[in-house]
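Single-structure report; data block below.
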Amino acid sequence: MFDFENRVVMVTGGGQGIGAATATLFGEQGANVVVTDVVEEREAVGEAVEDAGGSALVRELDVTDYEQAQSVVKDTVDEFGRVDVLVNNAGIFPTAGVDEMTPEDWQRVIDINLTGTFNCTKAVLPVMRDQEYGRIVNISSASGGKIGWSGELSHYAASKGGVVGFTRSAAIDLGPDGITMNAIVPGMIDTGAAEEVSTDEEIQGAVNMTPVGRQGDPDELAAAIVYLASEPAAFVTGESLVVDGGITLV
Ligand SMILES: NC(=O)c1ccc[n+]([C@@H]2O[C@H](COP(=O)([O-])OP(=O)(O)OC[C@H]3O[C@@H](n4cnc5c(N)ncnc54)[C@H](O)[C@@H]3O)[C@@H](O)[C@H]2O)c1
């Protein structure tokens, strides 16, 4: 149903977890995938994309660096001729209560999770506007407004709530040029990331509260991203698609 032959997909934070699963799934759809990240693992993901049947371009990209984002977009256009899809996935989730959190801690989370989303969007927009076609998918979080989750994630929650607000307003701006922007709102996804910020008891508690009774798989997130990035999703914009096994229902 979804044809990504000759489509060009740029994924941020593509070196591991949800970003790696997403890049690989786009590869399976025959897309040209630009795998970007700050970590070296991006190279192995580029190989996985090619093994899956896609073409890969691998680039270092720190999403806080707008000029680097512009340079990666230029390389992408030089290599593949266009940019059809941007997946703003790069993110960090350190924990700290409001009292312990330093202004630098706060700023770093906002810079990567929220400003990084803006930087990469702004970098691809001239190309997408010229093409009169684009799909931008931003990864938010259930903690960005659907659920409190933890008292030690307020900077993270603020950044992810910001992503939803950015998505709704920017979608209005982009729509007339054939560009959609949507957000994905994941619950707990089994990338190992939750283990870094939560105890086993906390994770099991969240699983117990999840109607489907387990964490999500990165491939399940990737499938939702591929849908929003597809041509047939043209009439969906400014939306937040919750992919959480139902945890925010209860
Ligand atoms: N795993 C979950 O349960 C979950 C839940 C809700 C939302 N999310 C969101 O999904 C996204 C992916 O999460 P994940 O679980 O795969 O995490 P992950 O840590 O496995 O992957 C995140 C990637 O972002 C990269 N990254 C970090 N800082 C960067 C920067 N400055 N520039 C570019 N890349 C950078 C990391 O190197 C890493 O490869 C994040 O935005 C996260 O907030 C995850």
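Every value quoted in this text rests on a predicted model; they were computed, and no experiment measured them.
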Evaluate Asn119 against Thr64 for side-chain hydrogen bond (donor to acceptor under 3.5 Å, both in side chains), listing each step before the verdict.
CA-CA 7 Å; Asn119 285 341; Thr64 64; 6.0 Å; no
Hydrophobic clustering (ILVMFWY, side-chain heavy atoms < 4.5 Å, transitive) - are Leu174 and Leu114 grouped together?
no
Run the side chain to side chain contact (heavy atoms under 4.5 Å, CB included) check on Thr180 and Ile136 step by step: do they pass?
CA-CA 6 Å; Thr180 66; Ile136 302 175; over 6 Å; no
Should Glu195 and Ile203 count as side-chain neighbours, where that means a heavy-atom distance under 4.5 Å?
yes
Working to the nearest 0.5 Å, report the span between OG of Ser240 and NZ of Lys160.
12.0 Å
Residue pairs passing the salt bridge (charged side-chain N to carboxylate O under 4.0 Å, His left out) test where at least one lies in residues 56-72, sequence neighbours excluded:
Arg59-Asp75
Side chain to side chain donor-acceptor pair (under 3.5 Å) contacts touching residues 19-28 (sequence neighbours left out):
none
In terms of hydrophobic clusters joined by side-chain contacts under 4.5 Å, are Leu153 and Trp106 together?
no
May I have the step-by-step check of salt bridge (Lys or Arg N to Asp or Glu O under 4.0 Å) for Arg214 and Glu220, ending in yes or no?
CA-CA 12 Å; Arg214 60 174 174 82; Glu220 293 173 309; 2.8 Å; yes
Between Arg108 and Asp105, is there a donor-acceptor pair closer than 3.5 Å when you use the side chain of the first and the backbone of the second?
no
To the nearest 0.5 Å, tell me how far Met209 CE sits from Met188 CE.
9.5 Å
Distance (rounded to the nearest 0.5 Å) between Glu100 CD and Thr95 OG1
8.0 Å
Per the side chain to side chain donor-acceptor pair (under 3.5 Å) rule, what does the pair list look like for residues 161-174, sequence neighbours excluded?
Arg129-Asp173, Asn138-Thr167
With sequence neighbours excluded, tell me which residues meet salt bridge (Lys or Arg N to Asp or Glu O under 4.0 Å) with Asp200.
none
Verify the cluster assignment for Phe2 and Val87: are they in a single hydrophobic cluster under the rule of side-chain heavy atoms below 4.5 Å apart?
yes
Taking salt bridge (Lys or Arg N to Asp or Glu O under 4.0 Å) as the test, write out the residues that go with Glu41, two or more places apart.
none
Spacing of Glu201 atom CD and Asn208 atom CG [to the nearest 0.5 Å]:
11.5 Å
Between Gly46 and Ala56, what is the shortest heavy-atom contact and its length?
O-CB, 3.4 Å
To the closest 0.5 Å, what do you measure between OG1 (Thr12) and CG (Leu86)?
6.5 Å
Is it possible for you to say whether Val164 and Phe93 belong to one hydrophobic cluster, with membership spreading through side-chain heavy-atom contacts below 4.5 Å?
no
Between Arg42 and Asp37 (side chain of the first, backbone of the second, donor and acceptor by atom type, cut-off under 3.5 Å), is there such a pair?
yes
For residues Pro176 and Ile172, report the shortest heavy-atom separation together with the two atoms involved.
CD-O, 3.4 Å
Going by salt bridge (Lys or Arg N to Asp or Glu O under 4.0 Å), name the residues that satisfy it together with Arg82, two or more places apart in sequence or in a different chain.
Asp84
Tracing side-chain contacts under 4.5 Å among Ile, Leu, Val, Met, Phe, Trp and Tyr outward from Val242 reaches Val185
Any chance you could lay out the side chain to side chain contact (heavy atoms under 4.5 Å, CB included) test for Val77 and Val127, step after step, and finish with the verdict?
CA-CA 8 Å; Val77 173; Val127 181; 3.9 Å; yes
Counterpart residues, salt bridge (Lys or Arg N to Asp or Glu O under 4.0 Å), relative to Asp111 (two or more places apart):
none
Please evaluate residues Leu125 and Ile179 with respect to the criterion side chain to side chain contact (heavy atoms under 4.5 Å, CB included), reporting the C-alpha separation (whole Å), side-chain torsions for both, the decisive distance (0.1 Å), and the verdict.
CA-CA 9 Å; Leu125 267 190; Ile179 305 166; 3.9 Å; yes
Does some side-chain heavy atom of Val35 sit less than 4.5 Å from a side-chain heavy atom of Leu57?
no
Can you give me the closest heavy-atom contact between Ala224 and Ile184, atom names plus distance?
CB-CD1, 3.7 Å
Distance-minimising heavy-atom pair for Gln70 and Ala123
N-CB, 3.9 Å
Apply side chain to side chain contact (heavy atoms under 4.5 Å, CB included) to Leu61 and Met10, showing your working.
CA-CA 11 Å; Leu61 173 57; Met10 178 172 156; 3.7 Å; yes
Side chain Thr210, main chain Gly213, donor-acceptor under 3.5 Å
no
Provide the full list of salt bridge (charged side-chain N to carboxylate O under 4.0 Å, His left out) pairs with a residue in residues 230-250, sequence neighbours left out, each pair given once.
Arg7-Glu231
Under 3.5 Å, side chain of Glu50 to main-chain N/O of Glu47, donor-acceptor pair present?
no
Could you tell me whether the side chain of Asn32 and the main chain of Phe80 form a donor-acceptor pair under 3.5 Å?
no
Residue pair Ser159, Asn113: steps toward the side-chain hydrogen bond (donor to acceptor under 3.5 Å, both in side chains) verdict:
CA-CA 6 Å; Ser159 71; Asn113 296 2; 3.2 Å; yes
Identified side chain to side chain contact (heavy atoms under 4.5 Å, CB included) counterpart of Ile225 within the set Val9, Asn89, Val11, Ile18
Ile18
Residue pair Val33 / Ser55, side-chain heavy-atom distance below 4.5 Å
no
dist Gln215:CD -> Asp190:CG (nearest 0.5 Å) comes out at 4.0 Å
Enumerate the residue pairs fulfilling side chain to side chain donor-acceptor pair (under 3.5 Å) with a member in residues 144-158, sequence neighbours excluded, ordered by first and then second residue.
none
Of all heavy-atom pairs linking Met181 and Ala170, the shortest is SD-CB, 3.8 Å
Heavy atoms only: give me the nearest Ala23-Val45 pair and the separation to one decimal.
CB-CG1, 3.9 Å
So the ring-ring contact (aromatic ring centres under 6.0 Å, His included) pairs with at least one residue in residues 173-198 (sequence neighbours excluded) are none
Residue pair Asp217 / Ile189, side-chain heavy-atom distance below 4.5 Å
no
Show every ring-ring contact (aromatic ring centres under 6.0 Å, His included) that has at least one partner inside residues 15-73, sequence neighbours left out.
Phe4-Phe26
Between Ile139 and Val163, is there shared hydrophobic-cluster membership here, with clusters defined by ILVMFWY side-chain heavy atoms closer than 4.5 Å?
no
